[in-house]
Number of protein chains: 2
Amino acid sequence: MVTPKTIPQYRRLYEILRKHILDGVYKEGDLLPSENELCQMYTMTRPAVRQALATLSNDGYIRKHQGKGSIVHHLPKEIGILSVSGTTSALGDRNLKTRIVVKPVLMRWPDDFMFPLTDLEKESGCVYMERLRLLDDSPIFYDISFIANINLPRITSRKFVNRSLFQILRDHYGVEIKGGDQRIKAIMASAKISRLLHLKRDQPVLHLERKMETNKPGLFLYSSIFCNTEKYAIFGRF
Amino acid sequence: MVTPKTIPQYRRLYEILRKHILDGVYKEGDLLPSENELCQMYTMTRPAVRQALATLSNDGYIRKHQGKGSIVHHLPKEIGILSVSGTTSALGDRNLKTRIVVKPVLMRWPDDFMFPLTDLEKESGCVYMERLRLLDDSPIFYDISFIANINLPRITSRKFVNRSLFQILRDHYGVEIKGGDQRIKAIMASAKISRLLHLKRDQPVLHLERKMETNKPGLFLYSSIFCNTEKYAIFGRF
DNA sequence: TCATTCAACTTGTATTAACAAGTAAAAAAT
DNA sequence: ATTTTTTACTTGTTAATACAAGTTGAATGA
């Protein structure tokens with residue numbers, strides 16, 4: 001278990017405001033308290049408040065308007081670090097499940113891996129797993145993950161049910177996702193993917209290849225994700 | 001013509017460093033000058049330098065490492081505000097063309113528009129246009145754009161060849177894109193799209209629906225974009 | 001009544017300062 | 001020679017302050 005360090009003030013305010021927005025204390029379209037008010041409320045200086053608001057703005061939770069204030073933006077639902085938005089109905093929070101298709105195993109990296117690897121990564125081998133993500137009991141994401149086996153003792157024996165991979169990495173190994181790159185394509189589903197995602201014949205799927213950076217230098221997470229976007233679309237901000 | 005205002009210092013440094021990175025003065029993996037060095041070089045204070053670097057980091061041009069410095073990240077090619085990465089070869093700068101399929105016309109909004117519209121937008125009508133984006137002489141993007149006809153005099157009579165829509169909006173109307181939302185799906189190409197993008201039979205395409213916010217309150221740009229992702233993938237950072 | 005001006009907000013930009021924390025290489029000790 | 005410690009860097013966080021610029025609504029004028 002990794003002991004959490006002292007978190008900076010702006011981060012603390014960020015988490016508070018984010019939680020309030022997600023909990024509906026501040027609703028879409030609402031005006032947040034002004035920067036000066038937040039300074040007083042949480043006894044911090046304006047640069048700290050501004051950094052919290054800037055991060056919220058960057059993550060798409062609010063939009064700032066000079067002379068006006070910070071307005072709460074509508075918010076997408078997040079699964080892992082993917083956002084989805086239903087094209088028909090709004091989607092609740094509880095109908096989200098994860099099913100392990102292949103439990104974490106140690107293996108060599110595939111020969112033609114989707115991203116270039118460092119020598120350290122290559123010789124360390126990788127932890128491999130396959131998961132299926134279900135929304136409303138229909139499979140939406142098929143996620144193949146690769147992690148270099150660097151400083152992750154006993155990871156293959158951990159229980160992944162009802163806990164996200166990211167959460168386990170954070171809680172037990174102190175690994176935080178800091179960002180990453182992704183490539184997106186539209187492809188025809190293979191037989192295996194059609195079966196797993198319960199697709200009709202000749203249905204296209206979204207294919208995401210992601211490389212995620214962590215706070216541990218040299219440690220990356222890789223994912224190859226196949227999405228059924230018939231009912232739900234991938235949602236993004238920029 | 002809109003007169004440009006005085007640009008802030010951090011923005012100026014951002015543009016300089018960004019250009020240097022794009023021009024190859026600083027190459028991928030290079031360490032940028034330290035914050036204090038940049039302060040001296042451009043005679044500004046550290047907060048200004050830090051804001052420039054933070055923006056660069058946010059846009060994915062650099063990655064910052066505490067105790068180490070700012071390292072130049074690899075960079076994707078940008079088309080409009082879409083990034084692409086070739087799956088086979090690196091792609092040059094010159095083989096990028098835009099063809100107007102439907103010249104800008106004024107019309108009513110479609111009845112079942114992809115995003116909800118305000119009353120002001122509805123009664124203003126919209127400027128509609130269709131464009132085809134070619135990479136290496138093969139059509140990659142088919143872009144259908146909608147703009148509310150608010151304070152955009154004579155826009156339908158402007159020449160759009162060799163100039164991006166965003167550039168015209170910025171230069172003549174002072175409109176800047178500040179961010180936006182997008183939905184991404186994988187769909188089967190319709191007959192029209194197959195023809196325009198020179199697709200083989202039963203080939204899937206990426207469909208993006210975007211709503212872009214501008215610096216003018218109430219003015220949004222909407223795009224429905226169809227991408228052939230066989231040779232090039234959409235590239236993203238997060 | 002209507003339009004204009006003004007005052008009281010808001011966020012944006014800039015300066016200066018100090019210390020904390022992470023990194024890497026030189027220096028010292030074993 | 002190897003390991004450990006120190007030192008000199010780097011970026012990260014916090015503080016206090018001032019003025020610029022955009023927004024809004026009240027006060028003022030015609």
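This one's a predicted model, so the numbers in the text were calculated from it and none came from an experiment. Values below: all heavy atoms of this structure, side chains included; hydrogens, waters and symmetry mates excluded. In what follows, every chain begins at residue 1, and chains take the letters A, B, ... in the order their sequences are listed.
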Practice task
Could you tell me the separation between the CD atom of A:Gln9 and the P atom of C:dC19, rounded to a whole number of Å?
Solution key: 17 Å
Handout entry: Lys/Arg-Asp/Glu bridge criterion (N-O < 4.0 Å) met for A:Arg131, A:Asp143
Key = yes
Practice task
Report yes if at least one side-chain N or O of A:Lys68 is closer than 4.0 Å to OP1 or OP2 of D:dT24; otherwise report no.
Solution key: yes
Handout entry: Phosphate OP1/OP2 of D:dT13: any A:Tyr10 side-chain N/O under 4.0 Å
Key = yes
Practice task
Round to the nearest Å and state the distance from A:Arg63 atom CZ to D:dT23 atom P.
Solution key: 17 Å
Handout entry: For atom CD of B:Glu176 and atom P of D:dG22, their distance in whole Å
Key = 14 Å
Handout entry: B:Arg210, B:Glu209, B:Lys211 screened by side-chain hydrogen bond (donor to acceptor under 3.5 Å, both in side chains) with B:Gln182, the one that passes
Key = B:Arg210
Fill in the blank from the handout: Within residues 47-57 of chain A, the residues having a heavy atom closer than 4.0 Å to DNA chain D are A:Gln51
Exercise for the section: Check every atom of D:dT11, C:dA14, D:dA15 against the side chain of B:Lys64 and return the nucleotide holding the closest atom. Expected result: D:dT11
Practice task
Answer yes or no: does a side-chain N or O of B:Gln66 lie under 4.0 Å from OP1 or OP2 of C:dA20?
Solution key: no
Problem - Single hit among A:Phe115, A:Phe220, A:Tyr128, A:Tyr222 for ring pair (Phe, Tyr, Trp, His ring centres under 6.0 Å) with A:Phe146 - result: A:Tyr128
Handout entry: DNA chain D contacts made by residues 31-46 of chain A, counting heavy atoms under 4.0 Å
Key = A:Thr45, A:Arg46
Practice task
Could you tell me the separation between the CD1 atom of A:Ile62 and the C1' atom of C:dT10, rounded to a whole number of Å?
Solution key: 13 Å
Handout entry: Rounded interatomic separation in angstrom, taking CG from A:Asn215 and P from C:dA21
Key = 17 Å
Practice task
Please lay out, stage by stage, how B:Asn215 and B:Val175 fare under the test side-chain contact (heavy atoms from CB on, under 4.5 Å).
Solution key: CA-CA 6 Å; B:Asn215 55 341; B:Val175 172; 4.2 Å; yes
Exercise for the section: Just say parallel, tilted or perpendicular for the rings of A:Phe113 and A:Trp109, cut-offs at 30° and 60°. Expected result: perpendicular
Handout entry: Residue closer to the 5' end of DNA chain D, B:Pro217 versus B:His65 (nearest nucleotide)
Key = B:His65
Problem - Rounded distance in Å - CD1 (B:Ile71) to C1' (C:dG22) - result: 13 Å
Handout entry: Side-chain ion pair, B:Glu213 and B:Lys178, N-O less than 4.0 Å
Key = no
Practice task
Compare the minimum distances between each of C:dT11, D:dT14, C:dT13 and the side chain of A:Ser70, then state the nucleotide with the smallest one.
Solution key: C:dT11
Handout entry: Between P of C:dT23 and NZ of A:Lys216, the distance in whole Å
Key = 10 Å
Completion exercise
dist B:Asn36:CG -> B:Arg46:CZ (nearest 0.5 Å) comes out at 6.0 Å
Problem - Pair A:Glu35 + A:Lys64, salt bridge at N-O below 4.0 Å - result: yes
Practice task
Look at B:Arg11 together with B:Glu15 and state whether they make a salt bridge at an N to O cut-off of under 4.0 Å.
Solution key: yes
Fill in the blank from the handout: Whole-Å distance, A:Ile7 CD1 to D:dT14 C1', equals 15 Å
